[in-house]
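Reminder, nothing fancy here: chain letters follow the sequence lines and each chain counts from 1. For clarity, every value in this text was computed on a predicted model and none was experimentally measured.
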2 protein chains.
Amino acid sequence: MDNRPSRKATRGTLEPRQGAQAIRRALAVLRILAAGREDGVPLAEVVRATGLTRPTVHRIVHVLIEEGIVERHDRTGRYAIGNQVPELALARARPSRLLVAANPSLRRASAEIGDTLFLTVRTGNDTLCVDRRIGVYPIQVLSIEVGARRPLGVSSAGVAILAAMPAQDARKIVAANEKRFEAYQTDIATVMSQITDARRRGYNMREIGLVQGTKSISTWIKTPDGQPAAAITVSAVRTRLGPRREQEVAEILLREARIIEQVIRG
Amino acid sequence: MDNRPSRKATRGTLEPRQGAQAIRRALAVLRILAAGREDGVPLAEVVRATGLTRPTVHRIVHVLIEEGIVERHDRTGRYAIGNQVPELALARARPSRLLVAANPSLRRASAEIGDTLFLTVRTGNDTLCVDRRIGVYPIQVLSIEVGARRPLGVSSAGVAILAAMPAQDARKIVAANEKRFEAYQTDIATVMSQITDARRRGYNMREIGLVQGTKSISTWIKTPDGQPAAAITVSAVRTRLGPRREQEVAEILLREARIIEQVIRG
DNA sequence: GGTCTGTTGTCCATAATATGGACAAGAACG
DNA sequence: CGTTCTTGTCCATATTATGGACAACAGACC
């Protein structure tokens, strides 16, 4: 593509290993398919999102089908993650460190706030919802489900995570996701300005959620090395989150984010 | 290797797609690593099991590390499935059809028998334990955990599954697993004779389980197309499974296997 | 009917990629 | 301090993956 790492440049630092282009491409395809969940993704969309040529994507996807890693839905012709992926995942029985660490915080915040809470992690250039807690208030925003995966920058949590990393890194990721933004009706400029706002505010707030009339607040969680790894998000109907209550909720989320960071630290 | 599919032979039938050797190899490596669970597998063992050369395995494994698909344990130097695999698996939220279908049968059989029950599926050339029920009897054989993965032919369930498929197919799989048998102290001849016994008996029985002094009984479950897809296994201390009770337990397992087959059929 | 524009799927000459033999360097052992 | 395990690296080479070009189908629109 554009960045060929001069064959013997900065040895020692993380110069990506050569001789596995096909494997990297296959994984890129898989990550796009994962964003499509059960429904899957049309081939053309995978081509757009990965920037690979269609013959290449086609070949990769069909080999992965033969291997049981990908499935093709006969009805729609869409491609989706196959059942061998969960089978491989069973090799890692225990739940992640973060999930365990965040559990009491999510329970506490959910009880205090009463609206839907989401725990979202960063994975590569994506956000991935890994936990959801439904509150007691009768109207709950359930648009996002556990397993939902979107490009960093698209969701409220994604903007929060980007806001918490060095501007340089954030810009790189946003640029890398450019081709995928179109499908979510956004673009680099919009995302970058949201990041700036969030950074200034100390948390991310978005007036228009994925669903009309909803509002979201997200705070980031950093690992001990200072890199943001996750975000906690509250989503509610807009009327539930006036300026006054926004302040209160944000304080709770910020408090719990700091607590989770402490727990991870050990 | 040995079987190059003559470039344009039996078109239409399932002639494996070309142009993705590297991807196939990477997946073969992943499946071996999955058998190592949390502890992982040393590089040399992966080389043995896959039959690939060491430079190739090394390259593949390290690219997968860069991609977050594989982890290397600093302590031991072993390689294991990384946390991005469960993340990809989240794309498939719902549990498998079989798991749902087998649930009542396992509950019922567990209550009747009182010893540990296992549900094991076939995945490629491996068996994978996907469910385990602990009975009421105070001594339980817990050697195998959910997620345990072994070459078909090694475990009692694996032999049962092989016994239920055409002899031709079984022989092919056993041959393919030859290199991996050594690590489990078995070989082609032993496995084939166990398969013959099981086929004659109608279920598989093994006097010496993985753990000394245990005995196992396994029955196979076939999908509507006649291919065996899974097995139910009882493991108990040998004294619990004398000839009389072996008969009773086998009948229960056979009954439940048929029920599960009916449920899957819809 | 015709003719767009959108798909998905396939072929094959070619260049770029992945390969593996050979070498290096540590660990564990006696 | 040789021996026998490991794991890791290099690089010339041939095998492999690549992508341009073509084909075929499905809707939408006139």
Heavy atoms of other groups near B/E38 CD, more than 12 under 6.0 Å:
yes

By a strict heavy-atom criterion of less than 4.0 Å, which residues belonging to residues 28-41 of chain B are in contact with DNA chain C?
none

On the nucleotide [N], are OP1 or OP2 found under 4.0 Å from the side-chain N or O atoms that [X] carries?
{"X": "A/R25", "N": "D/dG19", "answer": "yes"}
{"X": "B/Q21", "N": "C/dT19", "answer": "yes"}
{"X": "A/R17", "N": "D/dT9", "answer": "yes"}
{"X": "B/R59", "N": "C/dT19", "answer": "yes"}
{"X": "A/T53", "N": "D/dT18", "answer": "no"}
{"X": "A/Y79", "N": "C/dT7", "answer": "no"}

Starting from [atom2] on [N], measure out to [atom1] on [X] and report it in whole angstrom.
{"X": "B/L52", "N": "D/dT16", "atom1": "CG", "atom2": "P", "answer": "12 Å"}
{"X": "B/Q18", "N": "D/dT18", "atom1": "CD", "atom2": "P", "answer": "14 Å"}
{"X": "A/R78", "N": "C/dG6", "atom1": "CZ", "atom2": "C1'", "answer": "14 Å"}
{"X": "A/H62", "N": "C/dC11", "atom1": "NE2", "atom2": "P", "answer": "13 Å"}
{"X": "B/D74", "N": "D/dT7", "atom1": "CG", "atom2": "P", "answer": "15 Å"}
{"X": "A/R75", "N": "D/dA26", "atom1": "CZ", "atom2": "P", "answer": "15 Å"}
{"X": "B/I60", "N": "D/dT9", "atom1": "CD1", "atom2": "P", "answer": "16 Å"}

Checking D/dG19, C/dG20, D/dT9 against the side chain of B/H58 (C-beta onward), the nearest is D/dT9

Among C/dG9, C/dT10, D/dA17, find the nucleotide with the atom closest to the side chain of A/R72.
C/dG9

Pairing donors with acceptors under 3.5 angstrom, does anything connect the side chains of B/S218 and B/S156?
yes

Under a 4.0 Å N-O cut-off, is there an ion pair linking B/E45 with B/R78?
no

Under a 4.0 Å threshold between the charged nitrogen and the carboxylate oxygen, would B/R92 count as salt-bridged to A/E87?
no

Looking at every heavy atom in both [X] and [Y], which two are closest together, and how far apart are they?
{"X": "B/A175", "Y": "B/I188", "value": "CA-CD1, 4.1 Å"}
{"X": "A/P86", "Y": "A/N83", "value": "CD-O, 3.4 Å"}
{"X": "A/V154", "Y": "A/R206", "value": "O-NH1, 2.8 Å"}

Using side-chain contact (heavy atoms from CB on, under 4.5 Å) as the criterion, point out the one residue from B/D169, B/L162, B/D187, B/V159 that pairs with B/V174.
B/L162

Are [X] and [Y] close enough that some pair of their side-chain heavy atoms sits under 4.5 Å apart?
{"X": "A/L142", "Y": "A/R132", "result": "yes"}
{"X": "B/Q227", "Y": "B/P166", "result": "yes"}
{"X": "A/L52", "Y": "A/V29", "result": "yes"}

Output one line per pair: protein atom, nucleotide atom from nucleotides 2-6 of chain D, and distance, for all N/O pairs under 3.5 Å.
residue : atom : partner : partner atom : Å
D/dT6   : OP1  : B/R48   : NH1          : 3.4

What bend angle does the helix from C/dG1-D/dC30 to C/dG30-D/dC1 show across its length, from five-pair end axes and to the nearest 10 degrees?
40°

Is it the case that the ring center of A/Y79 lies less than 6.0 angstrom away from the ring center of A/H58?
no

